[in-house]
Amino acid sequence: MTRDTTKTTDAKKTTDAEKAADARNTADATRSADAEKTADAKKKKTTTGATDTAKAPVAAGNTPAADAPRPTVAVLGPGGTGGLLAALLSRAGHRVVCLAGEATADTLRDSGIRVRSRRFGTFTAAVEADTELREPVDACLIAVKHTSLDAALTRVSPTALGDALVVPLLNGVEHPTALRARYRADRVAPAVIRVESARVAPGVIEHGSDFVEVDLTGATAPRPRLDALASVLTAAGVTTRVLGDEAAALWAKMAFLAPFALLTTRYALPLGEARTRHREELESLVAETTAVSRACGAPADPAQALARYDAFPPTAKSSMQRDAEAGRPLELDAIGGALLRAADRHGVPVPVTARLVRELRDAGLPASGHSFD
């Protein structure tokens, strides 16, 4: 009987000791969990603060999914067009590497890209910057003028580029052939952009239009890659479509741009005055460019083109005219020259276009917006 009582007492002591140990273990675990939560909270706060400092706030609905891979995009030529796209992509959370001259690259690394936009507001976006591409990226947007294309391409070697999409946003219709000869032909995806945006200083962009629209094409590029890039651009605020007919997309812009650029630059007038004072020439230019466009397999409607000109603000100037006013080289060969070469190949008469191109060539590069008469 005594032994039974002792066993019961021993069992009770063992149980009490186990309970005490369990309580200590529970308390230790609780303290450890609380410490981990506190550390996580501090880490999250620090990370959030760093992100807020580096990036401007992202517009509602533009934030990529947390678990979605974010592509790295290189931008060759962070000027009015390239700088705006770089800033929007960075603001949306993507890694952006701008490729430019040493002075511009230093400015972008130190100060980022500052955007003043009627549509997107005023914000500053952090970007990386270098004088050349040093690692593979997912896409490379080429946003330089055609006049500086050859020199700019030395910043992007085919080896460093890897299998990235090459997306030229240039005026004209002949550059895709040159790019396919330099890079992988099945990765070149020409695009057309509609935007009014200017670089007023290195890293300072003024976006004057209420829109920024991109048509992505690519007769050889994989459609899934195009769709993925279109989604990235759209989420960043750029209205983007993927079109199947590359020639139609490029010529649709050419048919509108050539008359606009040639007429406003030739007479050093904004569109409102040019379309009024030189209406007959404008109509002839439109008829000629649409005829060449159709001969190249791209449908064009002259009446629709004229309606677009009439709907534009009267103060609008073509980029070629702005280059002429600033004394910069003109994209005359990429626009007017390409149009004349296509017309010659297809036997389409373009007398007014030929005359304006000749007169602009004979005039040289004006340093101001004076008339050539």
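All values below come from the heavy atoms of this structure, side chains included, with hydrogens, waters and symmetry mates left out.
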TODO: Using atom types as modelled and distance alone, determine if a side-chain donor or acceptor of S90 lies under 3.5 Å from a backbone N or O of A87.
DONE: no

Task: Pairs touching residues 282-303 that satisfy salt bridge (charged side-chain N to carboxylate O under 4.0 Å, His left out), sequence neighbours left out - done: R279-E283

Task: Separation of D186 CG from R225 CZ (nearest 0.5 Å) - done: 9.0 Å

Open item on the list: Under a 3.5 Å distance rule, please check whether T217 uses its side chain to pair with a backbone N or O of L243 as donor and acceptor.
Closed with: no

TODO: Quick one: which residue pairs count as a salt bridge (charged side-chain N to carboxylate O under 4.0 Å, His left out) with a foot in residues 234-262, not counting sequence neighbours?
DONE: R180-E246, D215-R241

Open item on the list: Strictly by ring-ring contact (aromatic ring centres under 6.0 Å, His included), give each pair with a member in residues 159-186 just once, sequence neighbours left out.
Closed with: none

Open item on the list: What I'd like to find out is whether the side chain of R328 reaches to under 4.5 Å of the side chain of T147, using heavy atoms alone.
Closed with: no

Open item on the list: So which atom in W251 and which in A298 form the shortest heavy-atom distance, rounded to 0.1 Å?
Closed with: CB-CB, 3.5 Å

- [ ] List for me each residue that meets salt bridge (Lys or Arg N to Asp or Glu O under 4.0 Å) alongside D210, sequence neighbours excluded, and say none if there are none.
- [x] R118

- [ ] Applying side chain to side chain donor-acceptor pair (under 3.5 Å), name anything that partners Q304, two or more places apart in sequence or on another chain.
- [x] none

- [ ] Could you tell me whether a side-chain N or O of R109 sits under 3.5 Å from a main-chain N or O of A129, the two making a donor and an acceptor?
- [x] yes

Task: Check: E132 side chain, T154 main-chain N or O, donor-acceptor pair, under 3.5 Å - done: no

Task: Aromatic ring pairing F256/F312, orientation class (parallel under 30°, perpendicular over 60°, tilted between) - done: tilted

TODO: Verify the cluster assignment for L330 and L339: are they in a single hydrophobic cluster under the rule of side-chain heavy atoms below 4.5 Å apart?
DONE: yes

Open item on the list: Quick check for you: to the nearest 0.5 Å, what is the distance between L271 atom CG and F260 atom CZ?
Closed with: 5.0 Å

- [ ] Using atom types as modelled and distance alone, determine if a side-chain donor or acceptor of H207 lies under 3.5 Å from a backbone N or O of S209.
- [x] yes

Task: Residue list, side chain to side chain contact (heavy atoms under 4.5 Å, CB included) with A338, at least two apart or on another chain - done: V173, E174, M254, R341

- [ ] Could you check if a side-chain atom of L356 sits within less than 4.5 angstrom of a side-chain atom of T265, using non-hydrogen atoms only?
- [x] no

- [ ] Can you see which heavy atom on I205 is nearest to which on G80, and at what distance?
- [x] CG2-O, 3.7 Å

Task: L170 with L76, same ILVMFWY side-chain cluster at under 4.5 Å - done: yes

Task: Pairing residues for P314 by the side chain to side chain contact (heavy atoms under 4.5 Å, CB included) criterion, not counting sequence neighbours - done: R275

Open item on the list: Would the distance check show the side chain of S111 and the main-chain N or O of L108 forming a donor-acceptor pair, the cut-off being under 3.5 Å?
Closed with: no

Open item on the list: Let me confirm one number: the CD-OG1 distance from E273 to T315, rounded to the nearest 0.5 Å.
Closed with: 10.5 Å

TODO: Would you indicate whether the side-chain heavy atoms of R322 and S319 approach each other to under 4.5 Å?
DONE: no

Task: Identified side chain to side chain contact (heavy atoms under 4.5 Å, CB included) partner of T72 from the options D138, V96, L89 - done: D138

TODO: To the nearest 0.5 angstrom, please state how far the CG atom of L226 sits from the CG atom of L216.
DONE: 6.0 Å

Open item on the list: Can you give me the closest heavy-atom contact between V75 and A86, atom names plus distance?
Closed with: CG2-CB, 3.9 Å

Open item on the list: Any salt bridge linking D333 with R361? Criterion: basic side-chain nitrogen under 4.0 Å from a carboxylate oxygen.
Closed with: yes

- [ ] Report yes or no: is the cationic atom of R277 (NZ for Lys, CZ for Arg) under 6.0 Å from the centre of the six-membered ring of Y267, at an angle within 45° of the ring normal?
- [x] no

TODO: Treat each ILVMFWY residue as a node, draw an edge where side-chain heavy atoms are under 4.5 Å apart, and state whether L332 and V144 are in one component.
DONE: no

Task: Sidechain-backbone polar pair: T240 side chain, V238 backbone, donor-acceptor under 3.5 Å - done: yes

- [ ] Measure across A255 and Y309 and return the closest heavy-atom pair with its distance rounded to 0.1 Å.
- [x] O-OH, 3.8 Å

TODO: Quick one: list whatever passes side chain to side chain contact (heavy atoms under 4.5 Å, CB included) with E280, sequence neighbours left out.
DONE: none

Open item on the list: Testing the basics here: between T131 and G101, what is the closest heavy-atom pair and its distance to 0.1 Å?
Closed with: CG2-C, 4.1 Å

Task: Partner set under salt bridge (Lys or Arg N to Asp or Glu O under 4.0 Å) for R355, not counting sequence neighbours - done: E281, E359

- [ ] Report yes if the side chains of R199 and T104 come closer than 4.5 Å at any heavy-atom pair, otherwise no.
- [x] yes

Open item on the list: Within the 4.5 Å heavy-atom criterion, are L250 and P190 side-chain neighbours or not?
Closed with: yes

TODO: Without swapping roles, check the side chain of E331 against the backbone of H146 for a donor-acceptor pair under 3.5 Å.
DONE: yes

Task: Minimum-distance pair of heavy atoms, taken over all atoms of T289 and A258 - done: CG2-CB, 3.9 Å

Open item on the list: When you group the ILVMFWY residues by side-chain heavy-atom contacts below 4.5 Å and let the links chain together, are V188 and V192 in the same group?
Closed with: no

- [ ] Name all residues meeting the salt bridge (Lys or Arg N to Asp or Glu O under 4.0 Å) criterion together with R116; count only those two or more places apart in sequence or in a different chain, and write none if there are none.
- [x] E206

Open item on the list: Restricting to side chain to side chain donor-acceptor pair (under 3.5 Å), what partner residues turn up for D344, sequence neighbours left out?
Closed with: none

Open item on the list: Can you list everything that forms a side chain to side chain contact (heavy atoms under 4.5 Å, CB included) with A74? Sequence neighbours excluded, please.
Closed with: L99, L133, V137, C140

- [ ] Kindly indicate whether the side chain of I193, heavy atoms from C-beta on, has any atom under 4.5 Å from the side chain of L85.
- [x] yes

Open item on the list: I need the R184 CZ to L179 CG distance, nearest 0.5 Å.
Closed with: 15.0 Å

Open item on the list: Once rounded to the nearest 0.5 Å, what's the spacing between atom CE of M320 and atom CD of E325?
Closed with: 13.0 Å

Open item on the list: Would you say that R187 contacts L161 through its side chain, given a criterion of any heavy-atom pair below 4.5 Å between the two side chains?
Closed with: no

- [ ] Quick one: do D323 and K145 satisfy side chain to side chain contact (heavy atoms under 4.5 Å, CB included)? Show the steps, please.
- [x] CA-CA 10 Å; D323 286 339; K145 293 279 189 178; 3.2 Å; yes

TODO: Report yes if some heavy atom in the side chain of L88 is under 4.5 Å from a heavy atom in the side chain of F123; otherwise report no.
DONE: yes

Open item on the list: Quick check on the hydrophobic clustering: are L141 and V97 connected, directly or via other members, by side-chain heavy-atom contacts under 4.5 Å?
Closed with: no

Task: Single hit among L263, T264, L262, D310 for side chain to side chain contact (heavy atoms under 4.5 Å, CB included) with L282 - done: L263

